[in-house]
Amino acid sequence: MSGPPRVGVVGHIEWIQFAVVPHVPTAGAIAHASAAFEHAAGGGAVAAVQLARLAGGAVLFAALGDDEHGARAREELASRGVTPHAGIRAGVGTRRGFTYLDDDHERTITLLDPRLVPHAADPLPWELLRDLDGVYFTGGDAGALRAARKARVLVASARAAGVVAEAGVQLDALVLSAADPGERVEAGALDPAPRLIVRTRGADGGSWTGPDGEAGAWAAAPLPAPAVDSYGCGDAFAAGLTFGLAAGMPVAAAAQVGARCGARCLTGRGPYEAMERW
């Protein structure tokens, strides 16, 4: 392949307010934040920005409310190298959330509104997806997932497993956190089965299984700077993996790209302060 792969995301955006605190307050306590800021974030947005950093640009198919947060989200993502295509939900607010970032480098998220995801019926340029080398899917209806399957490589979050099962498409890779019960997918739940199952284990690296019992593992990438917070690390990993597979790399090499992206993200405040570049 000459030049970087053409990549994109089909998924969700959330407008997140962040507060930096020593620790998450206990019931009835008052916490004093040392810093506060806000971003267009959520898994789809973070993965799209990381892909844009790696590939020099990325498209994002999503859904937003017809409100100020939706407009600000489009502006911010465009400023970060992402071309957003969003179905606008009339009379609906963009999903908001609040996140504590604490001294243990952890993030604790509270979501305030219903999740908005793109639908195939949204008047978006879905035909662009067939020209992409790789797409990462975090949310959408079955039709949106089928449109994403037109890309050469399709990777999805385990949190979208229900839609994957409904759409009946084969993924090139399903990414899940081995430590997160919300991302558990039972054997045989997806038909056809994904070509790869990729399990992340944070500081312990991760593993993957492929067809015919083929399997492998990777070690966590060394941190390029001290750890700050973990918001967006998993999404950055998935974006790096998608980039690597879209570029034609072997699974082990693509996973290492993902590991570097996750490690770099851990060293920045919030989702975008530290992101890997290719």
Side-chain angles (χ1 to χ4, degrees), residues 9 11-50 52-53 60 62-65 67-82 84 86 92-116 138-139 157 159 177 179-183 200 202-203 220-221 223-239 261-277:
V9 174
H12 64 292
I13 301 170
E14 297 156 356
W15 189 263
I16 301 291
Q17 293 180 308
F18 296 87
V20 180
V21 295
H23 54 81
V24 176
T26 58
I30 297 175
H32 293 274
S34 60
F37 54 95
E38 51 192 318
H39 285 300
V46 174
V49 173
Q50 177 61 87
R53 295 283 179 91
L60 171 59
L64 291 167
D67 59 357
E68 177 190 0
H69 292 128
R72 291 174 66 188
R74 289 194 299 274
E75 292 173 2
E76 179 179 358
L77 292 170
S79 74
R80 297 184 184 280
V82 175
V92 175
T94 299
R95 192 187 209 187
R96 298 164 298 143
F98 182 85
T99 297
Y100 286 113
L101 305 174
D102 63 39
D103 286 351
D104 290 329
H105 321 306
E106 191 52 271
R107 85 290 185 272
T108 304
I109 305 170
T110 300
L111 297 170
L112 307 179
D113 305 288
R115 192 173 192 240
L116 300 180
T138 74
S157 163
R159 291 187 177 273
S177 168
D180 188 340
E183 297 191 4
T200 64
L223 295 184
V228 177
D229 72 62
S230 62
Y231 187 93
C233 291
D235 304 310
F237 170 87
C261 291
R264 177 74 67 179
C265 186
L266 183 60
T267 66
R269 179 62 74 200
Y272 305 129
E273 186 174 81
M275 281 194 147
E276 188 77 356
R277 295 182 183 273

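Because the structure is predicted, anything quoted here is derived from the model rather than measured.
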**Q** Enumerate the salt bridge (charged side-chain N to carboxylate O under 4.0 Å, His left out) contacts for residues 20-43, please, sequence neighbours excluded, ordered by first and then second residue.
**A** E38-R72
**Q** Mind checking what makes ring-ring contact (aromatic ring centres under 6.0 Å, His included) contact with F18, not counting sequence neighbours?
**A** F37, Y231
**Q** Check G81 against A52 and note the closest heavy-atom contact, atom names and distance.
**A** O-CB, 3.6 Å
**Q** Looking at every heavy atom in both A41 and I16, which two are closest together, and how far apart are they?
**A** CB-CG1, 3.9 Å
**Q** One pair to check against side chain to side chain contact (heavy atoms under 4.5 Å, CB included): V46 and M275. What are the steps and the verdict?
**A** CA-CA 10 Å; V46 174; M275 281 194 147; 4.0 Å; yes
**Q** Which heavy atom of I13 sits nearest to which heavy atom of A62, and what is that distance?
**A** CD1-CB, 3.7 Å
**Q** Could you pull out the closest heavy-atom pair between A263 and A221, with the gap in Å?
**A** CB-O, 3.8 Å
**Q** Just to verify, what does S157 make a side chain to side chain donor-acceptor pair (under 3.5 Å) with, not counting sequence neighbours?
**A** none
**Q** I'd like a table of donor-acceptor pairs (distance under 3.5 Å, sequence neighbours excluded) in which one partner is a side-chain atom from residues 20-28, with atom names and distances.
**A**
none

**Q** If you define the side chain from C-beta out and look only at heavy atoms, does anything of R53 sit under 4.5 Å from R80?
**A** yes
**Q** Taking atom CG of D113 and atom OG1 of T94, what is their separation to the nearest 0.5 Å?
**A** 8.5 Å
**Q** In Å and rounded to the nearest 0.5 Å, what is the CG to SG distance from D229 to C265?
**A** 7.5 Å
**Q** Just wondering, do D235 and Q50 contact through their side chains at under 4.5 Å, heavy atoms?
**A** no
**Q** Taking side chain to side chain donor-acceptor pair (under 3.5 Å) as the definition, give me every residue that meets it alongside H12, ordered by chain and number, with sequence neighbours left out.
**A** R115, T138
**Q** Does E76 use its side chain to pair, donor to acceptor, with the backbone of A40 at less than 3.5 Å?
**A** yes
**Q** Could you pull out the closest heavy-atom pair between D67 and G70, with the gap in Å?
**A** OD1-N, 2.9 Å
**Q** Of all the heavy-atom pairs spanning A45 and L77, show the shortest one and how long it is.
**A** CB-CD2, 3.9 Å
**Q** Mind jotting down which residue pairs meet the side chain to side chain donor-acceptor pair (under 3.5 Å) criterion with at least one end in residues 98-112? Sequence neighbours excluded, please.
**A** E106-S230
